[in-house]
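A short write-up of the structure that comes next.
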Amino acid sequence: EAGVTQSPTHLIKTRGQQATLRCSPISGHTSVYWYQQALGLGLQFLLWYDEGEERNRGNFPPRFSGRQFPNYSSELNVNALELEDSALYLCASSLEPDNQPQHFGDGTRLSIL
Amino acid sequence: SQELEQSPQSLIVQEGKNLTINCTSSKTLYGLYWYKQKYGEGLIFLMMLQKGGEEKSHEKITAKLDEKKQQSSLHITASQPSHAGIYLCGADGDSNYQLIWGAGTKLIIKP
């Protein structure tokens with residue numbers, strides 16, 4: 001069974017640009033979660049999608065957005081990039097949103113120059 | 001709001017020694033998850049605990065949830081270099097299926 005896959009592995013952008021990160025969940029998983037892990041900081045919850053709908057959002061500005069497609073894959077968009085957006089962005093999926101472990105991809109390292 | 005506190009923040013252990021990492025919640029835990037992360041990589045799911053007093057093992061790693069369901073411990077027996085990494089605990093939060101995360105424990109194994 002293939003795990004959660006994320007692309008690209010690394011992404012280098014400059015301030016003000018826009019970035020798109022992609023995630024394919026484990027087959028059969030309908031919930032997809034996005035997290036930001038900045039250097040020295042813990043996991044910060046960004047977004048949760050389930051059955052194509054945004055179900056919950058963390059404490060991030062609106063320039064962080066995303067969507068979930070009919071095949072349950074997801075993309076995270078970050079507009080007007082700022083230096084502090086440099087971080088490892090992790091995607092996770094779960095079979096159901098309740099009482100099920102989340103399984104993580106290897107992340108996308110976003111660097112803002 | 002619920003908070004998870006992990007201790008210690010970091011740990012250096014001689015190879016072959018045992019060690020314990022703790023995760024304490026400010027509220028009752030209804031689902032507790034342990035993960036391991038290698039630097040710069042994704043999280044690897046280790047174990048999930050739900051019932052008070054529950055104990056699970058995977059190879060040389062054992063996790064327990066106390067009877068009051070407010071603390072979990074992760075115990076590694078006869079540590080090996082492959083155990084090095086960051087261990088995180090996560091818990092089902094009290095709102096909208098969002099997991100609450102501890103800050104992580106960095107484990108270094110000395111050969």
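All figures in this text were calculated on a predicted structure; none of them were measured in a lab.
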Distance-minimising heavy-atom pair for [X] and [Y]:
X       : Y        : answer
B:Phe45 : A:Gln102 : CB-O, 4.4 Å
A:Leu90 : B:Glu41  : CD2-O, 4.3 Å
B:Met48 : A:Pro101 : SD-CD, 3.9 Å

Using a cut-off of under 4.5 Å for heavy-atom pairs, which of A:Gln6, A:Gln100, A:Arg109 has the most such pairs with chain B?
A:Gln100
Report, as yes or no, whether the 6.0 Å neighbourhood of atom [atom1] on [X] holds more than 12 heavy atoms from other residues, nucleotides or ligands.
X        : atom1 : answer
B:Tyr30  : OH    : no
B:Ile108 : CD1   : yes
B:Gln14  : CD    : yes
B:Glu3   : CD    : no
A:Arg63  : CZ    : yes

Please look at A:Gln44 and chain B and tell me whether the side chain, the backbone, both or neither of the residue comes under 4.5 angstrom of a heavy atom of that chain.
neither
Toward chain B, the part of A:Leu41 with a non-hydrogen atom under 4.5 Å:
neither
Do A:Val32 and A:Leu46 belong together in a cluster built from hydrophobic side chains that touch within less than 4.5 Å?
yes
If hydrophobic clusters are built by linking Ile, Leu, Val, Met, Phe, Trp and Tyr wherever their side-chain heavy atoms come under 4.5 Å apart, do A:Leu21 and A:Ile112 end up in the same one?
yes
How far does CG of B:Leu43 sit from CG of A:Asp106, to the nearest 0.5 angstrom?
10.5 Å
With rounding to the nearest 0.5 angstrom, report the CZ to CD1 distance, A:Phe104 to B:Ile44.
11.5 Å
Pairwise side-chain contact, B:Gln37 with A:Leu43, heavy-atom cut-off 4.5 Å (strictly under)
no
